[in-house]
Amino acid sequence: MSVRVRIAPSPTGDPHVGTAYIALFNLIFARHFGGTFVLRIEDTDQTRSRPEYEKNIIEALKWCKIEWDEGPDIGGPYGPYRQSDRTEIYQKWAYELLKTGHAYKCFATAQELSEMREAAVAQGHRSGYDRRYRDLSPAEVRQREASGQPFVIRLKVPLTGDCVYDDAIRGRVVFPWADIDDQVLLKSDGFPTYHLANVVDDHLMKITHVIRGDEWMSSTPKHILLYESFGWKHPVFMHMPLLLGKDGKKLSKRKNPTSIFYFRDSGYLPEALVNFLTLMGYSMPADLELYTLEQIIAEFDPKRIGISGAFFDIQKLNWVNQKKIIETIPDRDLWRRIVDWNFNEAFMQKLMPLIHKRIKTFGDFMEQCSFFFVNELPLSPDLLCPKNSPPELICALFQGMIWSLDEQEDWSGIGFEKASHEVAEIFGVHHKKVVMHALFAAIMGKLQGPSLYDSVSLLGKDRTRVRLMNAIEALGGISNKKTDILKKGWQKRDCKIVFQSS
Ligand code: GLU
């Protein structure tokens, strides 16, 4: 039987380095064993999924030179490869489980569910659903349905015993069933949940090995139960160690640059990012640290995959990148590569209107806009904080900008302008003297320059976000406790209590 693996990203945000990391190990596994690598888009979360995120995932993986054999963009024998195009398939299989008695209709209302959750919390139980509709008589089910009561379809999870399986990386895994709720498989609107769609698709797409991040380990017993309920053989599970941030927690965009586009736009080489990402989860023989994708494909041995999480250390990435620049780009090609990166005609044509009226000589060009071409700005509290504004306040303003831009989902100049006014209002500070001063400093590393809003549009979302995060860092950061307090104020649209108006 030939190997078939897949990545199944959800298009709910910017293309994450974690997606590239897992994709790489699937790609390497497929290529090493002469198998097939599939891209499947898991857009079952209707409220958070967006077509542009799917487009970005594809663009970002392609930039990394990660190529799949079947996928929504190229088709294949087991398509469609986008879950929103497969709804009827999931419905059919959910009803199959109803027929065989492995699932049931649950009529719990939102009100009931919230009461159950409260009761479970009060009793110190983890699971929230008390299984009250699990054993309804067929007559009662019919009667509720006839009266038009909405329902979901839930999986009957065993009440006792353990789920035991062998993970090809982690070894034997044991999970008590008592810790697992009766999972919803099909929602009342007829759309599937992740668990149902994931298992049905892995089976129908003939996936032999599920290689995914270990954050999904708690889902695996539910998946194994689903396979058993359908009477299907489950694939081999391989849970990869997670990428970790400096705080030892799962790499998150709140604290680290995580968008693949950030690395592209900051001038990293895709082959360096690929080398670095594989290094995070794998050790080559003789501790080789610099290698190509072809080399790791040839050498690959699943036993060399790590078990503990790997720190996403930008210094290490910088080192790999520098080595790749030195070793793979000859002097005569270097300038061409830099031009292709960000000194290209298309970028310059966008940049010129911003500086046209600001230069007395061409010699002023670099001074005006060098901030577009650097990764680290010379930030200091003196520069970032307007007179009489405490660093804690300015930190909080930057955090407020990130929240506002994320809420609006608009990181263009227009969104940035709106966010800056919102932040001024919520914190009760002067828009121009305080907010704009701090933002100029954070984005440009200076207090004067081209239009801030146009600059942000050109700089792009990912680099803008990281600049705001770097500015927070340069002012000493915000503790988790303070962030919670701020967030509460932010949600009430009033942070004046936290910081006296300046
Ligand atoms: N849709 C899940 C994700 O976003 C897929 C997890 C899996 O590989 O099963 O990563």
Side-chain angles (χ1 to χ4, degrees), residues 3-30 35-51 53-58 60-61 66 68 70-72 78 80-87 90 155 163 165 167-170 173 175 183-185 187 191-227 232 234-243 250-253 258-260 277 281 305 309:
V3 160
R4 287 179 58 84
V5 293
R6 81 327 185 247
I7 42 155
S10 298
T12 52
D14 301 317
H16 198 284
V17 281
T19 303
Y21 164 73
I22 296 296
L24 277 166
F25 281 95
N26 277 282
L27 174 73
I28 293 165
F29 194 91
T36 304
F37 174 43
V38 177
L39 168 66
R40 180 174 75 230
I41 296 293
E42 297 207 327
D43 56 350
T44 50
D45 186 340
Q46 302 276 307
T47 50
R48 292 174 61 224
S49 297
R50 303 253 191 291
Y53 290 142
E54 173 183 325
K55 195 178 129 274
N56 288 346
I57 290 172
I58 290 181
L61 292 177
I66 296 174
W68 43 95
E70 298 168 22
Y78 300 98
Y81 293 90
R82 185 182 298 108
Q83 290 187 328
S84 55
D85 297 331
R86 299 171 65 82
T87 311
Y90 311 125
L155 180 64
C163 171
Y165 72 95
D167 185 295
I169 297 177
R170 309 250 148 189
V173 181
F175 250 94
Q183 296 300 305
V184 175
L185 302 175
K187 294 179 267 189
F191 284 101
T193 58
Y194 155 70
H195 302 298
L196 176 68
N198 186 273
V199 165
V200 166
D201 284 350
D202 280 345
H203 175 74
L204 296 181
M205 295 180 183
K206 298 201 166 24
I207 298 303
T208 56
H209 296 75
V210 167
I211 307 172
R212 61 182 170 200
D214 64 16
E215 65 200 301
W216 298 102
M217 274 182 91
S218 60
S219 297
T220 307
K222 302 163 198 170
H223 297 179
I224 288 182
L225 180 62
L226 271 169
Y227 283 103
W232 299 336
H234 69 73
V236 175
F237 288 100
M238 303 174 67
H239 289 101
M240 296 284 306
L242 280 191
L243 297 179
K250 184 185 164 198
L251 193 70
S252 121
K253 74 170 183 202
T258 53
S259 166
I260 297 170
L277 286 173
I305 293 176

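Note that ligands are numbered from 1 as they come in the structure, with each ligand's atoms numbered from 1 the same way. Each residue takes its place number in the sequence, starting with 1.
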Could you find the nearest protein heavy atom to atom 10 (O) of ligand 1 and give me its residue, atom name and distance?
-> W216 CZ2, 3.4 Å
Y21 vs F25 aromatic rings, parallel, tilted or perpendicular, using cut-offs 30° and 60°?
-> perpendicular
With atoms numbered from 1 as shown, which atoms in ligand 1 lie under 4.0 angstrom from a non-hydrogen atom of E42?
-> 1 (N), 2 (C), 5 (C)
Per-atom contacts of ligand 1 with N198, taking only distances under 4.0 Å to non-hydrogen atoms = 7 (C), 9 (O)
Closest approach of any protein heavy atom to atom 4 (O) of ligand 1, naming residue and atom = S10 OG, 3.2 Å
Which residue holds the protein heavy atom closest to atom 5 (C) of ligand 1, what is that atom called, and what is the gap in Å?
-> A8 O, 3.2 Å
Do the ring centers of H203 and Y78 come within less than 6.0 Å of each other?
-> no
Non-hydrogen atoms of K222 and L155 that approach each other most closely | O-CD2, 4.1 Å
Please determine if K253 and D14 form a salt bridge, counting it only when a charged side-chain N lies under 4.0 Å from a carboxylate O.
-> no
Strictly under 4.0 Å, does any heavy atom of R6 approach an atom of ligand 1?
-> yes
Protein heavy-atom partner closest to atom 9 (O) of ligand 1 - residue, atom, separation in Å | R212 NH1, 2.7 Å
Any side-chain heavy-atom pair of L39 and Y81 under 4.5 Å = no
Presence of salt bridge, D214 and R170, under 4.0 angstrom | yes
